[in-house]
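Order of the sequence lines sets the chain letters (A, B, ...), proteins ahead of strands, with each chain counted from 1. Below, all heavy atoms of this structure are taken into account, side chains as well, without hydrogens, waters or symmetry copies.
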Amino acid sequence: MASVSSQPQFRYTQPPSKVLHLRNLPWECTEEELIELGKPFGKVVNTKCNVGANRNQAFIEFADLNQAIAMISYYASSSEPAQVRGKTVYLQYSNRQEIVNNKTSADVAGNVLLVTIEGADARLVSIDVLHLVFSAFGFVHKITTFEKTAGFQVYKFNSAPLWFLLMGSSTSKHEFVLYLCQALVQFSDSETASAAKNALDGRSIPRYLLPEHLGPCTLRITFSAHTDLSVKFQSHRSRDYTNPYLPVASSAIDGSGQFSMGFDGRKVEPESNVLLASIENMQYAVTLDVLHMVFSAFGPIQKIAMFDKNGGVQALIQYPDVQTAVVAKEALEGHCIYDGGFCKLHISYSRHTDLSIKVNNDRSRDYTSPVLSSQPSVLGQQPVPIPGPSTHQFEGAQYAPPSDQQVMHQPSAGWATSAAAAGAPPPPPQSMPMQQHNHPYMPPGTMPPQSVPGMMPMQTQTGLPQSAAMPPYSH
DNA sequence: AGCACA
């Protein structure tokens, strides 16, 4: 008794409203069907369909309250119930006075599409590929691309039909997108844009349009509220295909031609047979021979050149082929030559393909040229001093690591030191065990297999292979 | 079959 009166939402009569609440509608009832139903009683100014958990409720808003009253009154006394597609629908005044249509621009057809490119390699999709894809549906006027951080994105598949999930949508439930690669694609009219949207939304960019190594890139398309994009320059970010005389942004000019342009004008580093290795947190001297040993685990090394840059040491390592370099890069990137996060390698592809080694010495070597004059007076003689403000000098076998303070002040090569974040143990105590002091190059606990997984060849307990002191290639 | 949802 009390429970009935405390449930006002179920009361039989409600205060009139020009908004009517409809329930028991057929699945996916359209706006047109709602207008058709209300039209005999007045002007329907707004509707909202597919409401509620079952999406079988709707609202109709009339221009005038009397029109809503007319409709309710009619069906209240009619022997024929209100019907949509032969299904009886139940009407009542809504408890709201107007329909709040949270219709976003994404639902309103326009001539500009908002395209989101999904996939691990979304950033590598160039604006030219997008242009090609969308040009299939009509003249593409303009394209702008941008990247948006979107936090974690969770895809809702609960309303997607099963066939959609089975048709090979590349979107994985485990894939969390931290950034969104988006583009605005402008057509001349909303009809063309709608055609492109209908055909492409949820589909993947054809593989043959993408660089070979790219994973699937899926397009999610909605309408944008834009009608005319503002493109100031032709660039890797934006294009205006209606104005070929638009100035080209200087950033779009890459004379080297070495880089392929990815999404958002991002430079994509091309693979190379020459690796550029930078050494972070270089507490211990890394010599050319050490580098040779580390990198030769993946294939023969043709040339190595070391040089100082940004207060750190970098090296170019040349393999005979790109494949070997790729494998070496993948295996070594981020790993430390020495235990404890010391001498962490950062590897990128060099733009070089063939190093020019003039002379064999402690900083450069050409292993392919036996006639190149080496300089035995330099080669393998002195330990390599650690670059930077440290004034510590190494003399013969009198190796000692720099103190912690010196290390702290040692300039890094430009990236954030991540050894600590990677769980590396703190720097070794200053009183280091010196049982290996006969090897000035190598700190204790040097190069265990786990520091560079799966590669350390011919590791001996005495630490350094013979080649480190006198490589077999040298003459 | 019973009031939207960012």
Query - Side chain of Arg23(A) (C-beta onward), nearest among dA4(B), dA1(B), dC3(B) - result: dA1(B)
**Report entry** Atom-pair distance (CG on Asn24(A); P on dC3(B)), nearest Å
**Finding:** 13 Å
Query raised in the report: Is there side-chain contact between Asn273(A) and Gln318(A), with at least one heavy-atom pair below 4.5 Å?
Result: yes
Query - Per-pair stack call Tyr90(A) and dG2(B), 5.5 Å, 30° - result: no
Report summary line: Of Thr222(A), Ile143(A), Leu219(A), the one forming a side chain to side chain contact (heavy atoms under 4.5 Å, CB included) with Val115(A) is Leu219(A)
Report summary line: Separation of dA4(B) atom C1' from Gln97(A) atom CD, nearest Å, is 15 Å
Query raised in the report: Checking all strands, does Val89(A) fall into the base, sugar-phosphate, or nothing category for heavy-atom contacts under 4.0 angstrom?
Result: nothing
Query raised in the report: Does Gln57(A) make a side-chain N or O approach to OP1 or OP2 of dG2(B) shorter than 4.0 Å?
Result: yes
Query - Minimum heavy-atom distance between Ile301(A) and Leu291(A), given as atom pair plus value - result: CD1-O, 4.5 Å
Report summary line: note: Trp27(A), atom CH2; dA1(B), atom C1'; distance rounded to Å ~ 17 Å
Requested in this report: Round to the nearest Å and state the distance from His21(A) atom NE2 to dA1(B) atom P.
Outcome: 13 Å
Query raised in the report: Is a donor on one side and an acceptor on the other found under 3.5 Å between the side chain of Tyr319(A) and the backbone of Phe295(A)?
Result: yes
Report summary line: Of the candidates dA1(B), dC3(B), dA4(B), the side chain of Lys48(A) sits closest to dA4(B)
Query raised in the report: Asn95(A) CG to dA4(B) P: how many Å, rounded?
Result: 8 Å
Query raised in the report: Do you see a donor-acceptor pair shorter than 3.5 Å between the side chains of His346(A) and Glu280(A)?
Result: yes
Report task. Provide, to the nearest angstrom, the distance between the CD atom belonging to Gln92(A) and the C1' atom belonging to dC3(B). Result -> 8 Å
Report task. Kindly say if Arg96(A) contacts the phosphate of dA4(B), meaning a side-chain N or O under 4.0 Å from OP1 or OP2. Result -> yes
Report summary line: From CG of Asn56(A) across to C1' of dG2(B) the rounded distance in Å is 10 Å
Query raised in the report: How close or far is atom C1' of dC5(B) from atom CZ of Phe59(A), stated in whole angstroms?
Result: 11 Å
Report summary line: Assert: residue with more 5' nearest nucleotide on DNA chain B, out of Lys87(A) and Val19(A), is Lys87(A)
